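Data first, discussion second: the structure below is written as C-alpha cells.
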Protein chains: 2
Amino acid sequence: MQFSKSTDYALHALIHLGHSERCNNVGIKELSGALGVSESYLSKIMSKLRQDGIVRAVPGVKGGYELARPADQITFLDVIQVIEGRQQLFECSNSSSRQHLLLAEEGAAQGDQERPGKNECLVEKVMNGAEQHLYQYLREHTVQSILNEAFKRCKHEANKK
Amino acid sequence: MQFSKSTDYALHALIHLGHSERCNNVGIKELSGALGVSESYLSKIMSKLRQDGIVRAVPGVKGGYELARPADQITFLDVIQVIEGRQQLFECSNSSSRQHLLLAEEGAAQGDQERPGKNECLVEKVMNGAEQHLYQYLREHTVQSILNEAFKRCKHEANKK
DNA sequence: CTTATTATGGATAACATAGGTCTACAATAA
DNA sequence: TTATTGTAGACCTATGTTATCCATAATAAG
C-alpha cells in the first residue's frame, strides 16, 4: 500500500504553479525540468488535474498551466483523489462468507431497516473509520499551507544570517 | 491506493481464531471454509502471520493455528504491516530536483545539523504526518475490540426478542 | 515406528496496475 | 499562416497481486 509516484509529481507540480503565480502560465517544459520528470509523463498527470478542475491549461505560444482556484482551496485530498481515484481504501472481498454472517448480520436479523449501517462488516467499519480519519487530515493541508511553510523557513534562515 | 485482499483475509482469519479460542487449534480447512478463500492461498497468508509472531502454528494431526498473544494485543496496524509491508505510505521520488532544493533546503543551508528533520521535503512531511495519524488510529483497534463489538451486537439483538 | 494429517516453501502463471514513451492532432498567440 | 504548446490515444515493460500446485517437513496417534 503506497501512494503512486504520480501523486508525488502532481503535488509538487501544483506547488510550483502556486509559487510562480506572478507570471500567468507555466509550460510543461519548465515544470518537468523543475521536478525531474519527462514532459510526456508529466503532461498526462497535468491533463488529469485539468479534467478535474484543479488547473487550467492554455495551448499555443505562451501557453501553459495555472491553478484553477486559489491555492488555499486545493487540498491534499483533492489532489490525491484525482490521481489515485475515489475507491474506498478497504473493501471486504466476500461479504457472503460465514465470517460475515457472524460479524455483520448477527445483530441484524429480520426487518432491521431503521439503522442502515447496522449490518456493515465490523472490520470494514474500522477501516472506513481509518479512511475518514486520514481524509480529514488531508483536507486540512493545502497547496497554500505548503507555500506558507516554505516562506517561514526562508525567513527564518534570513534572520540567522 | 488500496489495501490488498490479503489484508482482508488476514484480519478476518485472526478474528476467527480469536472467536474459537476454546478449542486449541484451528486448521486451514476450517479457516478457508469460513472465509471463502482457497486453502493454498490462505496458508500463504497464515505463514506470513506466523513469521511475524502474530499466530502460532502446529503441523501434524490435530494441528492448526492459534493466536500467539492475547487478542487485545493484536492491533490492526500489526496485521496491516505484516501483509502490506513496512515501507512508508509516501516517498518523494526525486529528492535532488530543483523543487526539493527550494522546498527542503531553502531553510537548511550550511551545517544545520542540530535539527535533523529540518531539510525534509514539506510535501513528504505532510504525508508522513498523515501516515502517523492513520497509524495511531489503527493502533487503537484490535482483534479483541472487534470481538467485543460483535458480542455487543449479539446481546442487543437478544434483548430485543 | 509407521502412518495419516497438517503446515511450509518454492515454482509457476494469469492478470491488473504503475510508470513511461511516442506520435498524430487540436488550439492558439504572434 | 506558422511556430508553439497542450491533448489524447496507442503502445510497451516491469512489478505486484492473487492465486494454484506440489514436494517436503513436522507431528500426534495408533
Side-chain angles (χ1 to χ4, degrees), chain A residues 1-10 12-13 17 23-33 35-66 68 80 82-87 89-94, chain B residues 1-10 12-13 17 23-33 35-66 68 80 82-87 89-94:
Chain A
M1 236 262 298
Q2 263 205 147
F3 287 102
S4 67
K5 290 192 182 186
S6 295
T7 295
D8 176 45
Y9 299 149
H12 279 99
L17 291 187
C23 50
N24 270 358
N25 292 325
V26 180
I28 193 71
K29 222 166 262 181
E30 179 180 336
L31 272 180
S32 77
L35 304 192
V37 200
S38 78
E39 296 178 32
S40 44
Y41 190 42
L42 187 57
S43 65
K44 278 213 175 155
I45 295 169
M46 297 310 291
S47 276
K48 268 195 185 176
L49 292 174
R50 185 192 61 85
Q51 283 165 26
D52 267 67
I54 308 279
V55 302
R56 264 191 300 268
V58 275
V61 191
K62 286 270 160 197
Y65 300 95
E66 61 180 346
I80 287 167
V82 169
I83 304 297
E84 307 275 340
R86 288 176 171 79
Q87 356 82 13
L89 230 57
F90 182 91
E91 287 175 276
C92 273
S93 48
N94 186 359
Chain B
M1 235 260 300
Q2 263 206 148
F3 287 102
S4 68
K5 289 191 183 188
S6 296
T7 295
D8 176 46
Y9 298 150
H12 279 100
L17 291 187
C23 52
N24 271 359
N25 292 326
V26 180
I28 193 73
K29 221 166 266 181
E30 179 180 335
L31 272 180
S32 74
L35 303 193
V37 200
S38 78
E39 298 177 31
S40 44
Y41 188 44
L42 187 57
S43 66
K44 283 272 151 71
I45 295 168
M46 297 310 293
S47 276
K48 267 196 185 176
L49 292 173
R50 186 193 61 87
Q51 282 167 25
D52 268 67
I54 309 280
V55 301
R56 264 190 301 268
V58 276
V61 191
K62 286 271 161 195
Y65 300 95
E66 60 180 348
I80 287 168
V82 169
I83 305 296
E84 308 275 339
R86 288 178 170 78
Q87 357 82 14
L89 230 56
F90 183 92
E91 287 176 277
C92 274
S93 50
N94 186 359

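A, B, ... follow the sequence lines: proteins, then strands. Residue 1 opens every chain. Being a predicted model, the structure only gives us computed values, none of them experimental.
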How close or far is atom [atom2] of [N] from atom [atom1] of [X], stated in whole angstroms?
X: A/Ile28; N: D/dA8; atom1: CD1; atom2: P; answer: 13 Å
X: A/Glu30; N: D/dT4; atom1: CD; atom2: P; answer: 17 Å
X: A/Lys48; N: C/dT17; atom1: NZ; atom2: C1'; answer: 11 Å
X: A/Met46; N: D/dT5; atom1: CE; atom2: C1'; answer: 13 Å
X: B/Phe3; N: D/dT17; atom1: CZ; atom2: P; answer: 13 Å
X: A/Leu42; N: D/dA8; atom1: CG; atom2: P; answer: 15 Å
X: B/Leu31; N: C/dT6; atom1: CG; atom2: P; answer: 13 Å
X: B/Glu39; N: C/dT8; atom1: CD; atom2: C1'; answer: 14 Å

Checklist line | Polar pair under 3.5 Å, donor/acceptor by atom type, side chain B/Lys44, base D/dT20 | finding: yes
The side-chain contact (heavy atoms from CB on, under 4.5 Å) partner of B/Leu17 among B/Arg56, B/Glu66, B/Met46 is B/Met46
Would you please confirm or rule out a distance under 4.0 Å between OP1 or OP2 of [N] and any side-chain N or O of [X]?
X: B/Tyr9; N: D/dA19; value: yes
X: A/Arg50; N: D/dG6; value: no
X: B/Ser40; N: D/dA19; value: no
X: B/Ser4; N: D/dT18; value: yes

Quick one: label [X] by what it contacts on the DNA or RNA (base, sugar-phosphate, nothing), any heavy atom closer than 4.0 Å.
X: B/Gln51; value: sugar-phosphate
X: B/Val58; value: sugar-phosphate
X: B/Ser47; value: sugar-phosphate

In this structure, CD of A/Glu84 is separated from CD of B/Gln2 (nearest 0.5 Å) by 10.5 Å
OG (B/Ser4) and OH (B/Tyr9) are apart, to the nearest 0.5 Å, by 9.5 Å
Contacts of B/Gly60 and B/Thr7 projected onto DNA chain D by closest heavy atom; the upstream (5') one is B/Thr7
Worksheet entry | Distance-only donor-acceptor check, side chains A/Ser32 and A/Tyr41, under 3.5 Å | no
Check your understanding: Got a donor-acceptor contact below 3.5 angstrom from the B/Glu39 side chain to the B/Ile28 backbone?
Key -> no
As a test of reading the structure: which of [options] is closest to the side chain of [X], going by heavy atoms?
X: A/Ala57; options: D/dT18, D/dG6, C/dA18; answer: D/dG6
X: A/Tyr65; options: D/dA28, C/dG19, D/dT7; answer: D/dT7
X: B/Ser43; options: D/dT5, C/dG19, C/dT8; answer: C/dT8
X: B/Tyr41; options: D/dT18, D/dC21, D/dA10; answer: D/dT18
X: B/Lys29; options: C/dT6, D/dC21, C/dA18; answer: C/dT6

Ranking A/Ile83 and B/Val61 by the position along DNA chain C of their nearest nucleotide, the one closer to 5' is B/Val61
query: Do A/Tyr65 and A/Asn25 have side-chain heavy atoms sitting under 4.5 Å apart?
result: no
